[in-house]
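Scroll down for the structure; my scribbles are underneath it.
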Amino acid sequence: NMHIEQQLTQLIQTIYGKQERSKTLIQHGSDSLSAIRLSQMIEKDLGLSLPLDILFHPSMTIEQLTHLIQNPSQLHSFSTSISSQLFHDA
């Protein structure tokens, strides 16, 4: 849905001062405070609560985030795979 992607793009631009569709959130300069702000704004504007680990996924782009918001049933498996990956890296 182009509407969700446009809203996300606007939120990311508000928080990071810029946005490039092909960049990941980490490449935009995501840190814990900006991730919390983005998560709160997504919940307020789009009605979906996102686990913060999703926003820190190394390959998370606006397009991928849009897909997850449109398909919230995939959030759990996506979040779980990130958590297990973090445990394996430790």
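Heavy-atom basis, side chains included; hydrogens, waters and symmetry copies ignored.
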Nearest 0.5 Å, please: how far is [atom2] in [Y] from [atom1] in [X]?
{"X": "Leu25", "Y": "His57", "atom1": "CG", "atom2": "NE2", "value": "11.5 Å"}
{"X": "Met60", "Y": "Gln27", "atom1": "CE", "atom2": "CD", "value": "13.0 Å"}
{"X": "Ser49", "Y": "Lys44", "atom1": "OG", "atom2": "NZ", "value": "15.0 Å"}
{"X": "Thr61", "Y": "Ile26", "atom1": "OG1", "atom2": "CD1", "value": "12.0 Å"}

Nearest heavy-atom pair of [X] and [Y]: which atoms, and what distance?
{"X": "Gly29", "Y": "Ser34", "value": "O-OG, 4.1 Å"}
{"X": "Ser39", "Y": "Leu50", "value": "OG-O, 3.4 Å"}
{"X": "Ser59", "Y": "Gln64", "value": "O-OE1, 2.7 Å"}

Cluster check [X], [Y]: I/L/V/M/F/W/Y, side chain < 4.5 angstrom:
{"X": "Leu68", "Y": "Leu38", "answer": "yes"}
{"X": "Leu52", "Y": "Met41", "answer": "yes"}
{"X": "Ile15", "Y": "Ile54", "answer": "yes"}
{"X": "Ile69", "Y": "Tyr16", "answer": "yes"}
{"X": "Phe56", "Y": "Leu48", "answer": "no"}

Any donor-acceptor N or O pair under 3.5 Å, side chains Gln7, His3: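 The criterion, which ignores hydrogens and geometry beyond distance, is satisfied for His3 and Gln7.
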
Option among Asn71, Thr9, Ile4, Leu46 that satisfies the side-chain contact (heavy atoms from CB on, under 4.5 Å) test with Thr66: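 With Thr66 as partner, Asn71, Thr9, Ile4, Leu46 yield a single side-chain contact (heavy atoms from CB on, under 4.5 Å), made by Ile4.
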
Leu55 vs Leu65 side-chain heavy atoms within contact, under 4.5 Å: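 Leu55 reaches Leu65 side chain to side chain.
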
Flag if over 12 foreign heavy atoms under 6.0 Å of CD, Gln13: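 Yes, because the 6.0 Å sphere around CD of Gln13 holds more than 12 heavy atoms from other groups.
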
